[in-house]
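Throughout, a chain's letter reflects where its sequence line sits, starting with A, and its residues are numbered from 1.
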Amino acid sequence: MPARFFERVYAVVSQIPRGTVVTYGQLALALGNPRAARTVGWAIHSAPPERNLPCHRVVSASGALAPDRVFGGSGVQRAMLEQEGVTFFEDGRIDLDKHLWDIAPRSIRHVIP
DNA sequence: GGTTTGACCCGTT
DNA sequence: CAACGGGCCAAAC
């Protein structure tokens with residue numbers, strides 16, 4: 001029985017290194033469903049807090065962060081990322097060229113379909 | 001079972 | 001450049 005989709009999302013998210021970020025679409029692609037970016041977003045949104053996943057390291061394809069309400073305040077997610085060394089453009093978007101994580105198939109092979 | 005819901009993505013306007 | 005619309009998929013109801 002293959003792990004449920006959400007579980008596979010969590011498995012990959014848990015391996016995102018400090019100081020790097022991943023996009024929803026990138027995650028979906030890595031899991032074999034290039035068009036499931038939306039579902040990935042929902043999965044992360046409903047991730048159980050006790051798993052301590054670095055969900056602040058998941059961003060949109062344009063480098064934009066999640067709405068403020070998600071992390072309970074304006075600038076919260078950005079502060080966490082900056083603490084890890086992630087840099088931003090003046091318009092508030094992440095510098096993806098610098099910090100986007102290259103998902104190595106080796107590091108997620110256990111969740112690849 | 002069908003319907004609804006999302007922290008999306010991309011092309012088009 | 002910003003806004004809009006359609007497509008997409010998995011879980012919850």
Side-chain angles (χ1 to χ4, degrees):
Chain A
M1 240 334 228
R4 290 155 56 206
F5 188 78
F6 279 25
E7 288 301 325
R8 295 161 61 211
V9 172
Y10 302 153
V12 177
V13 170
S14 69
Q15 308 201 11
I16 306 176
R18 264 182 110 262
T20 70
V21 296
V22 171
T23 72
Y24 302 95
Q26 202 182 356
L27 270 173
L29 184 64
L31 294 176
N33 299 317
R35 321 213 160 158
R38 249 188 132 172
T39 307
V40 170
W42 185 40
I44 295 172
H45 168 74
S46 56
E50 60 268 23
R51 307 196 67 162
N52 293 328
L53 295 175
C55 41
H56 59 280
R57 297 185 189 139
V58 183
V59 302
S60 77
S62 62
L65 303 180
D68 290 336
R69 52 187 175 78
V70 175
F71 285 93
S74 129
V76 175
Q77 182 181 14
R78 170 164 178 161
M80 285 191 288
L81 288 170
E82 284 181 331
Q83 204 165 14
E84 302 181 350
V86 175
T87 60
F88 290 71
F89 293 123
E90 290 187 359
D91 61 7
R93 289 166 34 244
I94 289 188
D95 189 345
L96 286 179
D97 285 339
K98 272 188 166 179
H99 303 108
L100 195 60
W101 180 41
D102 256 351
I103 299 185
R106 167 172 46 71
S107 57
I108 62 168
R109 75 189 136 58
H110 49 101
V111 291
I112 294 179

> What distance do A:L29 atom CG and A:L31 atom CG have between them, rounded to the nearest 0.5 Å?
Replying inline: 9.0 Å
> Any cation-pi pair here, A:R93 with A:F88, using under 6.0 Å and within 45°?
Replying inline: no
>> How long is the straight-line distance from NE2 of A:H99 back to CZ of A:R18, given to the nearest 0.5 Å?
In response: 11.5 Å
>> If I take atom CZ from residue A:F6 and atom CD1 from residue A:I44, how far apart are they, to the nearest 0.5 angstrom?
In response: 10.0 Å
> With a 4.5 Å heavy-atom cut-off, do A:V58 and A:Y24 have their side chains touching?
Replying inline: yes
> Which two nucleotides bound the region of DNA chain B that has atoms under 4.0 Å from heavy atoms of chain A, read 5' to 3'?
Replying inline: B:dG6 to B:dC9
>> What contact category does A:F6 fall into here, base, sugar-phosphate, or nothing, at under 4.0 angstrom with non-hydrogen atoms?
In response: sugar-phosphate
> Roughly how far, to the nearest 0.5 Å, is OG1 of A:T39 from NE2 of A:H45?
Replying inline: 13.5 Å
> At what distance, to the nearest 0.5 angstrom, does CG of A:L81 lie from OG1 of A:T87?
Replying inline: 10.5 Å
> SG of A:C55 to CD of A:Q77: how many Å apart, nearest 0.5 Å?
Replying inline: 8.0 Å
> Whole Å only: how far is the OH atom of A:Y10 from the P atom of C:dA10?
Replying inline: 15 Å
> For DNA chain B, whose closest nucleotide is more 5', that of A:W42 or that of A:Q26?
Replying inline: A:W42
Any N/O pairs under 3.5 Å between the protein and nucleotides 5-9 of chain C? List them or say none.
| from | atom 1 | to | atom 2 | distance (Å) |
| --- | --- | --- | --- | --- |
| C:dG7 | O6 | A:R38 | NH1 | 3.1 |
| C:dC9 | O2 | A:T39 | OG1 | 2.2 |

